Amino acid sequence: LIKIIEETLREPVNIQFLGTNELTGYIKSNPGNKNIFWYPFFSNEKGYYGLVFNHNNNRTLKDNELEFIDSAAKLVEIAIQKNNYFNELTHALQTLQESEEKCRELIENTTDIVYSIDLEGNFLSVNNAGLKTYGFSAEEVTGLNLLHVIHPSYLKACWEVINQQLAGKTRPLPYQIPTLTKKGETIWVEVSINLKLDNGQPVGFQGIARNITERRMM
């Protein structure tokens with residue numbers, strides 16, 4: 001930028017990025033210089049910050065030369081804003097990624113069963129607690145449907161809950177249902193289920209289930 005300006009003006013130009021406090025001292029160190037141009041770009045708790053163009057020759061600059069310096073300053077401001085935007089975006093993405101990793105770690109380490117299904121009842125994901133409780137592997141989950149897990153006598157009631165969710169009707173939650181492990185053993189769970197939306201359209205369900213078999217036996 002300095003090289004382009006100097007080639008255009010055909011004279012040396014000093015450019016610095018200063019704050020308002022530094023600007024006062026800079027002006028005092030250049031007494032009598034009328035060609036010091038200040039372009040504030042942004043502010044924080046310490047004051048404004050911007051570019052200082054110091055044209056060392058005290059001749060009066062022409063209008064087209066001043067317009068050129070103004071345009072150069074605007075380009076620098078755009079570049080700074082763009083850099084700040086990408087820095088903020090990068091920080092936001094990092095924060096989101098860290099939050100997702102913490103959430104994923106929490107889900108995988110909880111003793112509750114966390115799962116997701118599509119609108120047809122096909123399982124999309126099950127956490128470690130669910131795999132351990134029902135004896136399925138992570139690879140087997142993708143081929144499972146509610147038909148394979150919900151006890152046949154409660155399957156109709158389960159679909160009624162799902163249809164109520166799709167219809168936007170409320171239902172007291174959680175509710176209790178018997179389920180079947182891979183070996184056919186009955187596990188009673190207390191379930192909370194929520195509808196997943198994508199752009200306002202239902203795409204599936206997320207649920208949390210707690211094993212209450214021992215509680216019911218007592």
Side-chain angles (χ1 to χ4, degrees), residues 42 78 81-218:
F42 64 90
I78 292 172
Q81 290 175 345
K82 183 178 180 180
N83 183 67
N84 290 340
Y85 167 76
F86 279 111
N87 287 339
E88 292 174 0
L89 179 61
T90 300
H91 177 70
L93 291 174
Q94 289 175 344
T95 302
L96 177 61
Q97 183 178 4
E98 292 173 358
S99 298
E100 289 178 344
E101 290 175 354
K102 290 180 181 178
C103 182
R104 190 179 301 110
E105 182 180 354
L106 178 63
I107 290 175
E108 291 303 326
N109 292 329
T110 182
T111 57
D112 289 334
I113 301 163
V114 182
Y115 64 94
S116 63
I117 58 174
D118 62 18
L119 297 179
E120 285 72 42
N122 298 308
F123 281 88
L124 302 175
S125 65
V126 178
N127 69 341
N128 289 331
L131 297 177
K132 183 178 179 181
T133 300
Y134 290 95
F136 291 104
S137 65
E139 292 74 19
E140 291 174 314
V141 166
T142 56
L144 289 178
N145 186 279
L146 290 177
L147 293 169
H148 305 112
V149 179
I150 306 299
H151 195 283
S153 61
Y154 277 76
L155 192 58
K156 182 179 179 180
C158 178
W159 276 109
E160 287 179 356
V161 173
I162 290 176
N163 290 330
Q164 286 178 349
Q165 289 268 355
L166 287 171
K169 298 179 181 179
T170 59
R171 174 188 170 92
L173 295 174
Y175 60 97
Q176 299 179 1
I177 55 172
T179 58
L180 300 175
T181 68
K182 184 178 181 179
K183 295 181 178 180
E185 299 172 343
T186 300
I187 299 290
W188 277 88
V189 291
E190 192 172 62
V191 179
S192 297
I193 188 170
N194 293 291
L195 183 64
K196 290 175 58 179
L197 300 175
D198 185 8
N199 293 324
Q201 298 298 318
V203 294
F205 297 88
Q206 288 179 324
I208 299 177
R210 176 166 295 178
N211 190 339
I212 58 168
T213 304
E214 292 185 5
R215 188 203 311 175
R216 288 186 63 91
M217 290 177 63
M218 293 176 61

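Values below: every heavy atom of this structure, side chains too, minus hydrogens, waters and symmetry copies. It should be emphasised that the depicted structure is a prediction, and the values quoted were computed from it without experimental measurement.
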So, the side chain of Thr179 versus the backbone of Ile187: is there a donor-acceptor pair under 3.5 Å, distance only?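 A pair under 3.5 Å: yes.
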
Has Thr133 got a side-chain atom pairing as donor or acceptor with Gly130's backbone, closer than 3.5 angstrom?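 Not a single qualifying donor-acceptor pair exists.
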
What's the separation between atom NZ in Lys196 and atom CG in Asp118, rounded to the nearest 0.5 Å?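 Reported to 0.5 Å precision, the distance equals 9.5 Å.
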
Apply side chain to side chain contact (heavy atoms under 4.5 Å, CB included) to residues Phe136 and Leu144 and explain how you reach the verdict. CA-CA 10 Å; Phe136 291 104; Leu144 289 178; 3.8 Å; yes

When rounded to the nearest 0.5 angstrom, what is the spacing between CG in Asn194 and OG in Ser116?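 Reported to 0.5 Å precision, the distance equals 12.5 Å.
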
Taking every non-hydrogen atom, the tightest pair across Leu180 and Tyr134: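 That closest heavy-atom pairing would be O-CD2, 3.3 Å.
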
Taking every non-hydrogen atom, the tightest pair across Tyr175 and Val161: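 Scanning both residues completely, I find the closest heavy atoms to be CE2-CG1, 3.6 Å.
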
Contacts table for residues 149-159: side-chain donor-acceptor under 3.5 angstrom, sequence neighbours left out:
from: His151; atom 1: ND1; to: Ser153; atom 2: N; distance (Å): 3.2
from: His151; atom 1: ND1; to: Ser153; atom 2: OG; distance (Å): 2.8

Identify all side-chain donor-acceptor contacts of residues 211-218 below 3.5 Å with residues at least two apart in sequence or on another chain.
from: Asn211; atom 1: OD1; to: Thr213; atom 2: N; distance (Å): 3.0
from: Asn211; atom 1: OD1; to: Thr213; atom 2: OG1; distance (Å): 2.8
from: Thr213; atom 1: OG1; to: Trp188; atom 2: N; distance (Å): 3.0
from: Arg216; atom 1: NH1; to: Gln176; atom 2: OE1; distance (Å): 2.9

Under 3.5 Å, is there a donor-acceptor pair between the side chain of Asp112 and the main chain of Ala129?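 No; judged by distance alone, with no hydrogens or angles, the pair does not exist.
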
Heavy-atom pair of closest approach, residues Tyr115 and Ile208: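 Heavy-atom minimum between the residues: CE2-N, 3.9 Å.
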
What distance do Leu131 atom CG and Ile113 atom CD1 have between them, rounded to the nearest 0.5 Å?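 Here the interatomic distance stands at 9.5 Å.
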
Looking only at heavy atoms, which two atoms of Pro178 and Thr186 are closest? And how far apart?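 Scanning both residues, the minimum pair turns out to be CB-CG2, 4.0 Å.
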
What are the two closest non-hydrogen atoms of Ala209 and Val189, and how far apart are they?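 That would be CB-CB, 4.0 Å.
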
Under the 3.5 angstrom rule, does the side chain of Asn145 hit a backbone N or O of Glu120 as a donor-acceptor pair?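 The answer is yes, because a donor-acceptor pair under 3.5 Å joins these two groups.
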
Nearest heavy-atom pair of Pro202 and Leu195: which atoms, and what distance?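 It is CB-CD1, 3.8 Å.
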
Which value, rounded to the nearest 0.5 Å, describes the distance between Ile193 atom CD1 and Ile117 atom CD1?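 The CD1 atom of Ile193 sits 4.5 Å away from the CD1 atom of Ile117.
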
Is there any ring pair (Phe, Tyr, Trp, His ring centres under 6.0 Å) pair reaching into residues 189-218, and which pairs are they, with sequence neighbours excluded?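 Matches after skipping sequence neighbours: none remain.
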
Output, in order, the C-alpha distance, side-chain angles, deciding distance and verdict of side chain to side chain contact (heavy atoms under 4.5 Å, CB included) for Leu146 and Ile162. CA-CA 11 Å; Leu146 290 177; Ile162 290 176; 3.6 Å; yes

